[in-house]
2 protein chains.
Amino acid sequence: MTRVTVQPRSPLTRDRVLRAAVGIADEQGIAALTMRRLGEVVGAEAMSLYHHVSNKEDILDGIAEHVVQEINDVVDGLPAQQDWKQAVRRRILHARAVLLKHPWAPAVFETRKSVIPAVLRYHDGLIGLMRGGGFSNDLCHHALHALGSRALGFSQELFDAGPGDDAAPPPNLAELPYLAEMLMEVVHDDPDSTIGWCDDQFEFEFGLDLILDGLDKIK
Amino acid sequence: MTRVTVQPRSPLTRDRVLRAAVGIADEQGIAALTMRRLGEVVGAEAMSLYHHVSNKEDILDGIAEHVVQEINDVVDGLPAQQDWKQAVRRRILHARAVLLKHPWAPAVFETRKSVIPAVLRYHDGLIGLMRGGGFSNDLCHHALHALGSRALGFSQELFDAGPGDDAAPPPNLAELPYLAEMLMEVVHDDPDSTIGWCDDQFEFEFGLDLILDGLDKIK
DNA sequence: ACCTGAACACCGTTCAAGT
DNA sequence: ACCTGAACACCGTTCAAGT
């Protein structure tokens with residue numbers, strides 16, 4: 001008779017709950033993250049979760065922290081660099097790369113009631129780089145505000161380049177003369193697309209460099 | 001017998017529903033906007049709403065459109081101005097003033113699936129101003145991306161200056177040397193505050209001018 | 001045509017009861 | 001101590017029935 005050693009189910013912990021929550025959000029979107037679904041994934045009833053987290057807000061706080069931790073782990077491993085602008089630029093682009101793996105994260109960041117501790121640590125690092133580059137504390141402060149969410153690698157677009165709503169009426173370009181002309185010129189290399197044709201990475205770097213170059217001139 | 005002419009209750013319309021929805025969101029926050037509560041306010045059952053809007057998403061689309069309409073009405077009334085930078089700057093600051101009356105609006109914009117038509121009209125106006133200032137269509141395109149949500153007057157902060165969570169542990173400044181030093185210097189005129197001490201309007205304009213000045217140099 | 005009550009399929013969360 | 005079933009107070013939405 002074979003000895004079937006049943007792996008004792010590892011006990012539920014806050015960390016296992018949060019890990020599972022991140023997994024659900026990554027794979028099925030943040031709307032799929034419900035207490036009941038989360039219970040299913042960790043192999044327990046939804047109500048058991050409340051022994052390890054205080055409520056759903058606590059879970060959202062936790063997975064936000066989790067993602068920023070991941071960013072900090074990446075950027076802390078980057079080698080030192082003499083030029084502050086290159087250092088800040090690279091740090092932010094690495095943060096962006098992590099965030100692209102968790103597309104739900106920006107929305108969760110924005111709904112947090114209190115500051116995410118890991119974000120403070122991230123910002124502390126950015127200030128360190130800028131101070132090293134000759135920034136005054138005052139300019140560091142303005143710089144963080146100017147960067148806003150760009151500091152963590154995401155830009156806030158008014159219309160997401162998501163799947164779009166096919167049922168929605170197409171915009172009437174006759175009433176939008178300047179936009180129509182711009183579109184015609186900008187997309188003339190890529191005639192298939194109308195909106196959402198943009199190279200997000202390029203545009204992100206364009207805006208980031210605009211700000212970093214501006215700061216460089218002030219400092 | 002007195003003729004009591006009962007004011008015939010004005011029939012429900014999509015516009016009345018949306019107006020009431022904006023009112024609820026303004027006064028009690030977006031979370032208070034439920035179908036049942038909305039029904040109460042317009043004096044009907046929640047289920048009656050479905051004859052005038054297709055569902056709740058449609059209501060959110062509608063109130064987002066409503067706010068951007070309000071912005072367009074304001075900025076369309078602004079007198080012409082020769083300097084593109086001043087014109088764009090003023091337009092954006094007026095948009096911001098409208099948005100400050102509807103603090104829930106940015107979050108609703110971000111969750112819209114398809115482009116809000118009024119936002120296209122707003123952007124069309126901005127492009128017009130920049131074209132008039134000598135921008136190429138290509139630069140207009142990059143400029144809109146660089147501005148992002150700033151074009152409509154709101155910046156995306158990682159931590160909102162909201163009421164805050166008093167139960168949350170205070171950040172350990174010992175682990176945040178640069179941030180601690182910056183805070184000490186920046187707030188030394190206002191020793192009561194620790195975080196959320198910032199002059200949002202000033203910081204918004206600082207970031208906006210950084211971008212506009214940068215664009216001015218490229219164009 | 002417009003409106004409604006009852007019902008359905010979900011939520012997050014509480015609570016008393018199990019082991 | 002950790003977990004659970006049943007229940008509660010909400011959601012958005014459907015549907016058959018009213019006028």
Side-chain angles (χ1 to χ4, degrees), chain A residues 6-25 27-65 104 107-108 110-114 165 167-168, chain B residues 6-25 27-65 104 107-108 110-114 165 167-168:
Chain A
V6 175
Q7 183 77 17
R9 204 179 60 189
S10 58
L12 220 42
T13 63
R14 179 181 167 85
D15 195 63
R16 268 192 62 217
V17 170
L18 294 182
R19 234 173 260 281
V22 169
I24 294 174
E27 287 155 32
Q28 304 174 257
I30 194 70
L33 179 58
T34 67
M35 300 301 278
R36 285 167 175 84
R37 178 92 191 83
L38 185 50
E40 244 175 62
V41 169
V42 300
E45 296 301 310
M47 302 73 203
S48 306
L49 303 172
Y50 286 88
H51 289 104
H52 304 98
V53 296
S54 39
N55 49 37
K56 193 173 179 185
E57 278 297 290
D58 189 25
I59 293 178
L60 294 177
D61 286 345
I63 61 176
E65 179 84 14
W104 47 270
V108 174
E110 278 157 48
T111 56
R112 293 313 83 208
K113 282 218 183 68
S114 43
D165 184 356
Chain B
V6 175
Q7 182 75 17
R9 206 178 58 189
S10 59
L12 222 42
T13 64
R14 180 181 166 85
D15 195 62
R16 268 191 62 216
V17 170
L18 294 181
R19 232 173 261 281
V22 170
I24 293 174
E27 287 156 32
Q28 303 173 255
I30 194 70
L33 179 59
T34 67
M35 300 302 276
R36 284 166 175 85
R37 178 92 190 83
L38 185 50
E40 245 175 60
V41 169
V42 300
E45 296 301 310
M47 301 74 202
S48 305
L49 302 172
Y50 287 88
H51 289 104
H52 304 97
V53 296
S54 40
N55 50 36
K56 192 173 180 185
E57 278 297 291
D58 189 25
I59 292 177
L60 294 177
D61 286 345
I63 62 177
E65 179 84 13
W104 47 269
V108 174
E110 279 156 49
T111 56
R112 292 315 82 208
K113 283 217 182 68
S114 44
D165 184 356

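Side-chain nitrogen and oxygen atoms of B/His52 include none within less than 4.0 Å of the OP1 or OP2 phosphate oxygen of C/dC2. For C/dT14, the OP1/OP2 oxygens have no side-chain nitrogen or oxygen of A/Tyr50 closer than 4.0 Å. OP1 or OP2 of C/dT4 lies within a sub-4.0 Å distance of a side-chain N or O belonging to B/Ser48.
Nearest to the side-chain atoms of A/Ala44 among the listed nucleotides D/dT4, C/dT13, C/dC3 stands D/dT4. The listed nucleotides are D/dC11, C/dT4, D/dC3; the one nearest the side chain of B/Thr34 is D/dC11. If you check D/dG12, C/dT4, D/dC3 against the side chain of B/Met47, the one that comes closest is C/dT4.
Here the side chain of A/His52 pairs a donor or acceptor atom with the backbone of A/Leu12 at under 3.5 angstrom.
As rounded to whole Å, 5 Å separates atom P of D/dT4 from atom CD of A/Glu45. B/Lys56 has its NZ atom 8 Å from the C1' atom of D/dG12, to the nearest Å. Atom CD1 of A/Ile59 and atom C1' of C/dG12 are 10 Å apart (whole Å).
Two residues are said to be in side-chain contact when any heavy atoms from C-beta on lie closer than 4.5 Å; A/Ile63 and A/Ile30 meet this criterion. Between A/Asp61 and A/Val53, the closest side-chain pair of non-hydrogen atoms is not below 4.5 Å.
Listed by first residue number, the stems of DNA chain C with at least three Watson-Crick or G-U pairs below 3.5 Å are C:4-8 with D:12-16, C:12-16 with D:4-8.
Partners of B/Glu45 by salt bridge (Lys or Arg N to Asp or Glu O under 4.0 Å), not counting sequence neighbours: none found.
Pairing each heavy atom of B/Ile59 with each of B/Met35, the nearest pair is CD1-SD, 3.7 Å.
Between the side chain of B/His51 and the base of C/dC2, no donor-acceptor pair of N or O atoms lies under 3.5 Å.
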